[in-house]
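All of these numbers come straight from a predicted model, not from anything done at the bench.
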Amino acid sequence: MPARTLRIPTADGQADAFAAFPDGGEPRPGVLLYTDAFGVRPVVEGMARELAEHGYYVLVPHLYYRHGPAPVIELPEHIGEEVRPAVFARLMPLIEAHTTERALRDADAYLGFLSAQPEVGAGPVAAIGYCIGAALALRTAAAHPGQVAAVAGFHPAYLVTDAPDSPHRAVPELTARVHLGLSENDMPAEAVGELNQALDAAGVGYTTEIYPGTVHGFTMADTDAFAPSALRRHWDRLLPLLDRALAHG
């Protein structure tokens, strides 16, 4: 499985990124994968490789490139509950600095770069994300409805907020198919209802599903939140969504 580290030119500099893609010269559908708050690291690279094995070119940008190349902060091999507070104390300033305006500028650059790769086909792409990445995927798809045909978000964060630029307020711009896989503690029931209402009103084809017995972060094998059965469910939902939306053979 070929993989490489790349540098993506952006309006604010250069974002380092990881890419995984199948062997062979045939162009493949592109997938933009936004990481969780912990960023690009071996477990995410492994997930990108696994997705690439199903026939996709997967691009994983380093979200915090403005603060230096990945990793901006050193992470333990296992991000257990005892270290989470200290890790998040260092991450929160980076997350807060990643404003909607910056995220949308980055999305322009990432999609332009992805579509220009010789290994990527000319058709639509997907945007997927984990934790904060789910909101970034949703924003990306809403800003590029002619290009992004599928959105998937898992254990999402910040999808429904009181802010004027809350991601759920961008839903009317969506044309993509959507799957959101929630843990039992990601969002209050009222917020899920508000999100579903926005998706219904926009006429979006979507599923929102609470994965039973899960907590926030359930796909990530290097955290205490990891649930192997929920990770399998994530693949069972994600792969058919991509197959349908990207007309992948």
| Side-chain touch T175/V148, heavy atoms, less than 4.5 angstrom | no
| field | pair F218-L231: side-chain heavy atoms closer than 4.5 Å | value | no
| request: Can you label the angle between the Y130 ring and the H234 ring as parallel, tilted or perpendicular, going by 30° and 60°? | output: tilted
| request: Measure the spacing between CD1 of I95 and CZ of R90 and express it to the nearest 0.5 Å. | output: 13.0 Å
| field | Least distance between heavy atoms, V40 atom then H62 atom | value | CG2-CA, 3.9 Å
| said: What I want to find out is whether E101 reaches R105 closely enough, with some N-O distance under 4.0 Å, to be called a salt bridge. | reply: yes
| Shared ILVMFWY cluster between Y206 and Y211, side chains joined below 4.5 angstrom? | no
| Does a donor on one side chain and an acceptor on the other come within less than 3.5 Å for D243 and H54? | no
| message | Could you check whether any side-chain heavy atom of L32 comes within less than 4.5 Å of a side-chain heavy atom of I128, counting everything from C-beta outward? | response | no
| task | Give the intermediate values and the outcome of side-chain contact (heavy atoms from CB on, under 4.5 Å) for residues L33 and F18. | result | CA-CA 10 Å; L33 190 161; F18 175 83; over 6 Å; no
| Using the ring of each side chain (for Trp, its six-membered ring), is F21 parallel, tilted or perpendicular to Y57, with breaks at 30° and 60°? | parallel
| request: Show your working on side-chain contact (heavy atoms from CB on, under 4.5 Å) between D108 and H144 and close with a plain yes or no. | output: CA-CA 8 Å; D108 291 348; H144 298 269; 2.7 Å; yes
| said: Using side-chain heavy atoms (C-beta onward) and a distance below 4.5 Å, is R28 in contact with V120? | reply: no
| Do you reckon Y65 sits in the same ILVMFWY cluster as M92, going by side-chain contacts under 4.5 Å, direct or chained? | yes
| task | Can you establish whether the number of heavy atoms outside Q14 located under 6.0 Å from its atom CD is more than 12? | result | yes
| said: Side-chain heavy atoms nearer than 4.5 Å, only ILVMFWY residues, links allowed to pass through others: does that put L180 and M187 together? | reply: yes
| task | For E81, look at atom CD and say whether over 12 heavy atoms of other residues, nucleotides or ligands are found less than 6.0 Å away. | result | yes
| Quick check: does any side chain N or O of R49 sit under 3.5 Å from a backbone N or O of P2, one acting as donor and the other as acceptor? | no
| message | With clusters defined by side-chain heavy atoms of hydrophobic residues (ILVMFWY) lying less than 4.5 Å apart, directly or transitively, does L114 cluster with V151? | response | yes
| said: With rounding to the nearest 0.5 angstrom, report the CZ to NE2 distance, F226 to H78. | reply: 10.5 Å
| task | Indicate yes or no for a side-chain donor-acceptor contact from T99 to the backbone of R102 under 3.5 Å, with no hydrogens or angles considered. | result | yes
| message | Please report the interatomic distance CG(N196) to OG1(T208), rounded to the nearest 0.5 Å. | response | 3.5 Å
| task | Please report the shortest heavy-atom distance between V171 and A198, naming the atom on each side. | result | CG1-O, 3.4 Å
| query | Do you reckon V44 sits in the same ILVMFWY cluster as V87, going by side-chain contacts under 4.5 Å, direct or chained? | reply | no
| message | Taking the ring of F38 and the ring of F88, is the distance between their centroids below 6.0 Å? | response | yes
| query | With distance as the sole test, does T161 use its side chain to make a donor-acceptor pair with the main-chain N or O of Y158 at under 3.5 Å? | reply | no
| Test item: L159 and H168 side chains (from C-beta on) under 4.5 Å apart, heavy atoms | no
| Taking every non-hydrogen atom, the tightest pair across A19 and L59 | CB-CD1, 4.3 Å
| said: Checking the side chain of Y110 only, and the main-chain atoms of T10 only, is there a donor and an acceptor separated by less than 3.5 Å? | reply: no
| note | Distance col, row Y64:OH vs L91:CG, nearest 0.5 angstrom, shows 5.0 Å
| query | Are side-chain heavy atoms of P212 and E184 found at a separation under 4.5 Å? | reply | yes
| said: Between H216 and D186, do the side chains contain a donor N or O and an acceptor N or O under 3.5 Å apart? | reply: yes
| request: Might you point out which heavy atoms bring A150 and A245 nearest each other, and give the distance in Å? | output: CB-CB, 3.6 Å
| task | Determine whether L6 and D16 make a side-chain contact, defined as any pair of heavy atoms from C-beta on separated by less than 4.5 Å. | result | no
| query | How many angstroms lie between atom CG of L75 and atom CD1 of I73, to the nearest 0.5 angstrom? | reply | 5.0 Å
| What pairs meet the salt bridge (Lys or Arg N to Asp or Glu O under 4.0 Å) rule with one or both residues in residues 195-222, with sequence neighbours excluded? | R41-D222, E209-R233, E209-R237
| Between A143 and L104, which heavy-atom pair has the shortest distance, and what is it? | CB-CD2, 3.9 Å
| task | Report the distance from atom CG of D106 to atom CG of L63, rounding to the nearest 0.5 Å. | result | 8.0 Å
| message | Under the criterion side-chain hydrogen bond (donor to acceptor under 3.5 Å, both in side chains), I'd like the reasoning laid out for Y34 against T140: C-alpha separation, chi angles, the key distance, then a yes or no. | response | CA-CA 10 Å; Y34 287 109; T140 298; 2.7 Å; yes
| query | Who passes salt bridge (Lys or Arg N to Asp or Glu O under 4.0 Å) against D224, sequence neighbours left out? | reply | none
| said: Could you check whether H179 and F154 have their ring centres less than 6.0 Å apart? | reply: yes
| Smallest separation among heavy atoms of A135 and P167, with atom names | CB-CG, 3.8 Å
| message | Under a plain distance cut-off of 3.5 Å, with no hydrogens placed, do T214 and H155 share a side-chain donor-acceptor pair? | response | no
| said: With a 4.5 Å cut-off on side-chain heavy atoms, are L242 and L51 touching? | reply: yes
| request: Give a yes or no answer on whether the side chain of S115 reaches the backbone of G112 with a donor-acceptor pair at less than 3.5 Å. | output: yes
